[in-house]
Amino acid sequence: MNSTLTGAVALYLAQVRAQLNDLPPGELEDVLQDVSGHLTEVAAEFGAEPTLADLQQRLGTPAQYADELRTAAGYPPRTAPVSQDDLDAGWKALRWGLISAIAGPFFIAIGIFAWSQDETAFFGLLGLGILFVAAFLGVQALRGHDPRIVLDTPRGAHGAAAIRGWIDQIPPNIRHELVTIGQPVWWVVRGVIGAGGFFALFGAPSVTVVAAVAGAAVSIWIGRKTQQDRRWLWYVVPLNVVAAIVVPSFLAAAYVGASFGFLNNYNDYRGSSSHYNPPASGLVLNGNTVTNIYPFDAQGKQVTVRLYDQDGNPISLEQQDCATNYGTQSRDTTSNLFPQAVVVPDENGDAGPDNCKDTTKAPFVPPPAPATRTTPSPTATPTVKPSTPAASKPGATLTVQPTR
């Protein structure tokens with residue numbers, strides 16, 4: 001086929017192909033090669049790109065043109081003419097196939113780029129459900145027809161012509177290498193990604209390698225099966241689209257630091273993260289932000305202190321008093337003097353600038369300090385004796401002296 005055919009000319013040629021698809025494949029391609037050249041000459045006679053109506057007026061309908069080709073080449077009449085029932089079944093099968101190949105991978109892609117594990121699982125399962133259900137309905141729509149009836153529909157013929165046009169742009173030697181070498185390689189890659197990626201994503205990294213090998217074997221079997229039964233294409237094509245999305249998505253996520261849900265979930269299951277999350281600003285204790293500190297001495301009395309870290313740097317927090325919230329003069333917004341003053345609402349719950357009040361009193365009752373017990377020496381018995389006769393005077397001290 002000539003890859004330069006576009007628009008109505010390509011559509012006309014695709015419809016002629018549909019009328020001749022009962023011919024042996026090799027002979028069909030030879031006939032269509034001649035038809036392609038003839039259509040190119042006819043299109044050039046119009047001066048501008050012809051419409052489908054122009055071609056039918058000049059050459060007849062695709063069915064009439066195909067009949068003339070059969071008569072000229074000595075082929076028998078079509079043994080199974082395309083009926084309306086065939087066209088309806090082909091269109092339904094094509095419609096479900098498009099839903100499976102577009103909607104299913106779309107939701108799976110959303111799951112890959114989701115931020116949370118729950119979103120990944122939801123959209124991933126939704127996409128797989130749409131993919132397999134739509135593919136099953138597409139196979140059922142065939143109702144025993146040959147899967148090639150999809151190419152007999154106008155949309156199927158038009159799409160096939162466009163795809164063949166793209167394929168014809170590839171040099172023949174490269175096309176041969178893609179089929180003989182690239183296809184088996186793709187089968188293996190598809191199986192490794194599908195099975196290995198599934199177990200890695202859903203928390204079973206220990207069996208990922210085994211699953212990848214088994215997936216590759218199953219994928220090769222499916223590829224061979226598809227060559228024998230074209231109905232498998234309704235399942236295989238959407239899964240190929242998914243694999244084609246997952247590979248670049250995985251590489252893109254790895255390139256930007258694993259910030260997509262696919263790798264985030266995988267790293268969560270591995271128990272580590274491949275990217276560094278800097279600590280939040282301020283003071284954090286057990287994951288909770290500390291906004292104030294209330295020091296108490298051993299007797300449970302609240303005291304005022306300044307705090308510093310191990311290097312002598314002051315530990316400062318943002319101030320929360322009235323001057324910070326409503327003051328008009330500039331001042332430091334942080335302090336390392338604790339406890340810091342905070343705004344206290346009045347009896348009506350109002351803490352506005354007109355009646356703002358501060359307090360440094362702790363909003364809780366501190367628990368009692370743990371009692372400390374001292375164990376006397378077994379060889380010494382402390383006795384209490386007045387050190388001087390002045391012990392009875394005010395300010396006198398008592399001395400503890402061990403008895404030996």
Side-chain angles (χ1 to χ4, degrees), residues 113-120 203 205 250-375 377 395 397 400:
F113 288 87
W115 285 98
S116 68
Q117 174 189 345
D118 293 339
E119 291 176 349
T120 297
F250 189 93
L251 296 177
Y255 178 77
V256 300
S259 59
F260 298 150
F262 182 86
L263 287 185
N264 283 340
N265 293 337
Y266 176 65
N267 287 327
D268 289 342
Y269 283 119
R270 288 193 309 170
S272 63
S273 176
S274 61
H275 62 285
Y276 171 70
N277 290 324
S281 59
L283 193 60
V284 178
L285 178 62
N286 296 330
N288 298 318
T289 302
V290 177
T291 60
N292 207 342
I293 296 175
Y294 296 92
F296 290 84
D297 62 13
Q299 286 72 38
K301 180 181 177 181
Q302 183 174 319
V303 296
T304 301
V305 298
R306 294 184 182 275
L307 300 180
Y308 298 84
D309 66 10
Q310 69 280 356
D311 297 321
N313 301 313
I315 298 175
S316 301
L317 296 178
E318 294 184 358
Q319 299 191 67
Q320 309 167 60
D321 56 1
C322 294
T324 301
N325 289 289
Y326 306 111
T328 57
Q329 297 180 354
S330 61
R331 58 179 298 209
D332 292 337
T333 58
T334 61
S335 173
N336 73 324
L337 182 63
F338 300 97
Q340 295 188 18
V342 296
V343 176
V344 181
D346 59 14
E347 60 275 6
N348 298 321
D350 188 5
D354 297 334
N355 58 349
C356 185
K357 296 181 180 180
D358 294 333
T359 183
T360 58
K361 184 178 180 181
F364 57 87
V365 177
T372 57
R373 301 178 61 183
T374 58
T375 303
S377 173
T397 61
V400 179

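Computed over heavy atoms, backbone and side chain alike; hydrogens, waters and symmetry mates excluded. The structure presented is a predicted model; accordingly, all values stated were derived computationally and were not measured.
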- Message: The criterion is side-chain hydrogen bond (donor to acceptor under 3.5 Å, both in side chains); which residues satisfy it with N288, sequence neighbours excluded?
- Response: none

- Tell me, please, which residues at least two apart from D309 pass side-chain hydrogen bond (donor to acceptor under 3.5 Å, both in side chains). N313

In residues 357-366, what donor-acceptor pairs under 3.5 Å come from side-chain atoms, sequence neighbours left out?
from, atom 1, to, atom 2, distance (Å)
D358, OD1, C322, N, 2.9
T359, OG1, K361, N, 3.1

- Message: Tell me whether the count of non-hydrogen atoms from other residues, nucleotides or ligands lying under 6.0 Å of CG in N286 goes above 12.
- Response: no

- Atom CD of Q302: over 12 foreign heavy atoms under 6.0 Å: yes

- Message: How close do T324 and D321 get, counting heavy atoms only, and between which atoms?
- Response: OG1-OD1, 2.6 Å

- Can you see which heavy atom on F296 is nearest to which on Y294, and at what distance? CD1-O, 3.3 Å

- Note on the structure: Interatomic distance, CD@Q320 vs CG@N292, rounded to 0.5 Å, equals 5.5 Å

- Query: What's the spacing between T334 OG1 and I315 CD1 if we round to 0.5 Å?
  - Reply: 12.5 Å

Could you tabulate the donor-acceptor pairs under 3.5 Å formed by side-chain atoms of residues 336-343, not counting sequence neighbours?
from, atom 1, to, atom 2, distance (Å)
N336, OD1, R306, NH1, 3.0
N336, ND2, Y308, OH, 3.4
Q340, NE2, L317, O, 3.2
Q340, NE2, S335, O, 2.9

